[in-house]
Amino acid sequence: MTDSIGFGHHQHACTTNNCTTPLAENIREQVQNHPCYSEQAHHYFARMHVAVAPACNIQCHYCNRKYDCANESRPGVVSELLTPDQAVKKVLVVSSEIPQMSVVGIAGPSDPLANPEKTFATFKELAEKAPDLKLCLSTNGLNLPQYVDQIAQYNINHVTITINCVDPVIGAKIYPWIFWQNRRIKGIKAAEILIEQQQKGLEMLLERQILVKVNSVMIPGINDQHLAEVSKIVKAKGAFLHNIMPLLAKPEHGTFYGLTGQRSPTDSELSALQDSCEGEMKMMRHCRQCRADAVGMLGEDRNQDFTLEKIESATVDYQAAMQKRITVQAQITAQMTEKKEQQPHYVQFIPLTSIKRGLTKQKFVHRPILMAVATKGDNLVNEHFGHAKEFLIYEASHTGVRFLRHVKTDLYCHGDDSCGEGETALQRTIHALTGCEVILCARIGYGPWEALVAAGIQPNNDHPYEPIEEAVEKVYKEMIIAGKLDEPLQQQLGA
Ligand code: CLF
Ligand code: SF4
């Protein structure tokens, strides 16, 4: 199907093992080490953001200007603003210490294209001094058409546009105003201009063969019913990936939605919408809504390790650092390819019970279950339960294993043996894992084991350091053989 991958029309874009459509070689190269554009890559590669863009040209009801741009970031966090020179120095220093660093993005603290001089000055210098790093940009889209040529000129090959609607009536409920051609414009007219600019920008990027990811914030009661339509339109135009993010609106964020009690979607509402939009275009499910100054693997933030003071006093041989990155990343890519080739083809599980009863596969479908996995990277079950900062949630079913989402957790164990306030935090973790039946980790203590079992979640540390999908598949199979997933059969038979 490679010749169906083009721009400006339907584009097949699968980046995980779950999907069988092959990617065109040039696209595969562009996404295979981008932790946001490839779900697999996010287990191995790191990204960093530099916060050089202080101004914004629109107002979103989920944004408070004191904080980072919520179109790409978690609301309520403040990133330290850098000058372009500081930003370049920071990238050179950080990427010499983290050789898995493959992407540098500008995503805030406000809109990069409302600050074009600062944004492009940073990218221009990076393209010269660290040409191996992929450049990435995230924008609300209002100024996009006028900067598409500059984006292409600096080889910025990954652009995210936040598109929350294609209908200005809905748009007017999300955006109270925009600043356009030196005037503040309100209401439906404002939304109309924004939507037009976003769509035009999207088309212009695709004409230039730049990969586009579309972010949408899911706002229950406002655009939740409408996002399937948005997904359909951007997919038809050729966007590569759609990332539907949950609205996060708390009164303490001081945003319009936060203060007026607009609710966030639940995990299952979000998953259901993502499922309904998933077709030829891949849905992103591993977004961490990171800060505008995030550094490291998705899900970790090492920004505190790189203070301005440290950056400014550091010396770095950026040529040598680049050579090291290239070597390390080539090794990772080879390792990923090898793993992919070794991966057994997914076989449909045939349970012993169904064989005994002479039932066919079609009549007998086991219920899917959710498993939580503790990992610290490399796509392995390699984290101690008590050290996990987040868990990855996988669904295992008769059709395969797929990644669904991550959940953040409080560390209940702080490294000493006392774990004084352990219980409350452990209970919070258990609460966050509601709906999961199994938790896979490298190790786990006796106390949390008991608490998890009491909450109906089976801990499993029999697969330490095994690849995640393989371990999930094995456990699912074991559960089938043990007859633990037979309920649907009984229901189907009316037993
Ligand atoms: Fe940054 Fe965004 Fe580029 Fe990634 S983040 S500019 S595409 S390098 Fe990634 Fe972070 Fe989600 Fe963004 S996890 S918030 S999608
Ligand atoms: Fe805030 Fe970003 Fe919206 Fe601007 S585009 S108002 S910074 S969320």
Side-chain angles (χ1 to χ4, degrees), residues 30-31 33-39 41-42 45-79 91 101-115 119 123 133-144 156-164 171 174-179 190 194 198 211-217 219 240-249 253-257 283-301 390 405-406:
Q30 284 181 55
V31 299
N33 66 351
H34 194 307
C36 303
Y37 281 66
S38 158
E39 190 183 305
H42 101 278
F45 292 98
R47 57 78 187 93
M48 68 180 289
H49 288 164
V50 283
V52 295
C56 194
N57 47 5
I58 69 173
Q59 178 66 58
C60 307
H61 272 326
Y62 45 74
C63 178
N64 175 344
R65 299 315 178 87
K66 282 195 294 193
Y67 302 129
D68 286 2
C69 175
N71 279 342
E72 177 87 2
S73 313
R74 187 157 279 272
V77 299
V78 187
S79 292
V91 172
M101 184 64 67
S102 58
V103 180
V104 180
I106 301 184
S110 294
D111 189 69
L113 297 183
N115 304 265
T119 295
F123 280 140
L133 294 175
K134 289 189 157 65
L135 303 180
C136 200
L137 171 81
S138 175
T139 176
N140 62 38
L142 182 65
N143 284 352
L144 185 54
I156 302 161
N157 248 327
H158 299 78
V159 175
T160 298
I161 316 172
T162 300
I163 301 182
N164 292 321
I174 303 171
Y175 307 103
W177 56 260
I178 65 168
F179 196 71
L194 178 62
Q198 290 173 336
L211 287 185
V212 180
K213 167 164 89 49
V214 170
N215 278 3
S216 300
V217 180
I219 313 161
F240 181 78
L241 193 63
H242 193 188
N243 175 23
I244 301 183
M245 311 187 294
L247 170 76
L248 301 172
H253 297 155
T255 62
F256 175 83
Y257 285 151
M283 299 300 294
M284 180 178 186
R285 294 171 194 259
H286 60 285
C287 176
R288 304 301 202 275
Q289 291 176 276
C290 23
R291 300 167 59 108
D293 59 4
V295 168
M297 309 288 282
L298 301 192
E300 72 167 5
D301 194 352
E390 61 173 21
R405 60 177 173 268
H406 69 282

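Indexing begins at 1, ligand by ligand and atom by atom, following the structure's order.
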Distance filter under 4.0 Å to Asn140 heavy atoms, resulting ligand 2 atoms: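 The atoms of ligand 2 under 4.0 Å from a heavy atom of Asn140 are 5 (S).
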Atoms of ligand 2, numbered as shown, that sit under 4.0 Å from any heavy atom of Cys63: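 In order of number, 1 (Fe), 6 (S), 7 (S), 8 (S).
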Among all protein non-hydrogen atoms, which one is nearest to [atom], and what is the separation to 0.1 Å?
{"atom": "atom 13 (S) of ligand 1", "answer": "Arg288 N, 3.4 Å"}
{"atom": "atom 2 (Fe) of ligand 2", "answer": "Cys69 SG, 2.2 Å"}
{"atom": "atom 15 (S) of ligand 1", "answer": "Lys213 NZ, 3.2 Å"}
{"atom": "atom 3 (Fe) of ligand 1", "answer": "Cys136 SG, 2.3 Å"}
{"atom": "atom 14 (S) of ligand 1", "answer": "Glu72 O, 2.9 Å"}
{"atom": "atom 8 (S) of ligand 2", "answer": "Ala70 N, 3.3 Å"}
{"atom": "atom 4 (Fe) of ligand 2", "answer": "Cys56 SG, 2.2 Å"}
{"atom": "atom 5 (S) of ligand 2", "answer": "Asn71 ND2, 3.1 Å"}

For ligand 2, the portion of Asp111 having any non-hydrogen atom under 4.0 Å away: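 Under 4.0 Å from ligand 2, Asp111 contributes no heavy atoms.
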Per-residue contact class, Cys60 against ligand 2 - non-hydrogen pairs under 4.0 Å: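 Both backbone and side chain.
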For ligand 1, which atoms, with element, lie under 4.0 Å from some heavy atom of [X]?
{"X": "Cys287", "answer": "11 (Fe), 13 (S), 14 (S), 15 (S)"}
{"X": "Val103", "answer": "8 (S)"}
{"X": "Leu298", "answer": "13 (S)"}

N, O or S of Cys36 under 2.8 Å from atom 9 (Fe) of ligand 1: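 Yes, Cys36 qualifies, because one of its backbone or side-chain N, O or S atoms lies under 2.8 Å.
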Stepwise side chain to side chain donor-acceptor pair (under 3.5 Å) check, Lys213 with Thr160: CA-CA 5 Å; Lys213 167 164 89 49; Thr160 298; 3.2 Å; yes
Can you give me the closest heavy-atom contact between [X] and [Y], atom names plus distance?
{"X": "Thr255", "Y": "Asn64", "value": "CG2-N, 3.6 Å"}
{"X": "Val104", "Y": "Phe123", "value": "O-CE2, 4.2 Å"}
{"X": "Ala53", "Y": "Thr119", "value": "CB-OG1, 4.4 Å"}
{"X": "Pro35", "Y": "His286", "value": "O-NE2, 2.8 Å"}

What part of [X], side chain from CB on, backbone N/CA/C/O, both or neither, has a heavy atom under 4.0 Å from ligand 1?
{"X": "Met245", "answer": "neither"}
{"X": "His49", "answer": "side chain"}
{"X": "His158", "answer": "neither"}

Steps toward side chain to side chain donor-acceptor pair (under 3.5 Å) verdict (Thr139, Asp111): CA-CA 6 Å; Thr139 176; Asp111 189 69; 3.1 Å; yes
Whether His158 and His34 hold their rings parallel, tilted or perpendicular, with breakpoints at 30° and 60°: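 Aromatic pair His158/His34 classed tilted.
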Side-chain touch Asn115/Pro54, heavy atoms, less than 4.5 angstrom: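 With C-beta onward as the side chain, the pair touches.
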Heavy-atom side-chain proximity of Asn164 to Tyr175 below 4.5 angstrom: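 Heavy-atom side-chain distance check passes, below 4.5 Å.
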Contact with ligand 1 for Met284, non-hydrogen, under 4.0 angstrom: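 Judged by the 4.0 Å heavy-atom criterion, Met284 does count as contacting ligand 1.
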Cys290 N/O/S atom closer than 2.8 Å to atom 11 (Fe) of ligand 1: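 It does not; every qualifying atom lies at 2.8 Å or beyond.
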Interatomic spacing from CD in Gln59 to CD1 in Ile174 - rounded to 0.5 Å: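 Taking CD in Gln59 and CD1 in Ile174, the distance rounds to 13.0 Å.
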Gap between atom CG of Asn33 and atom CZ of Arg47 - 0.5 Å precision: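 Rounded to the nearest 0.5 Å, the CZ-CG separation comes to 14.0 Å.
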Intermediate values then yes/no, side chain to side chain donor-acceptor pair (under 3.5 Å), Asn157 and Tyr37: CA-CA 11 Å; Asn157 248 327; Tyr37 281 66; over 6 Å; no
Stepwise side-chain contact (heavy atoms from CB on, under 4.5 Å) check, Leu144 with Gln198: CA-CA 7 Å; Leu144 185 54; Gln198 290 173 336; over 6 Å; no
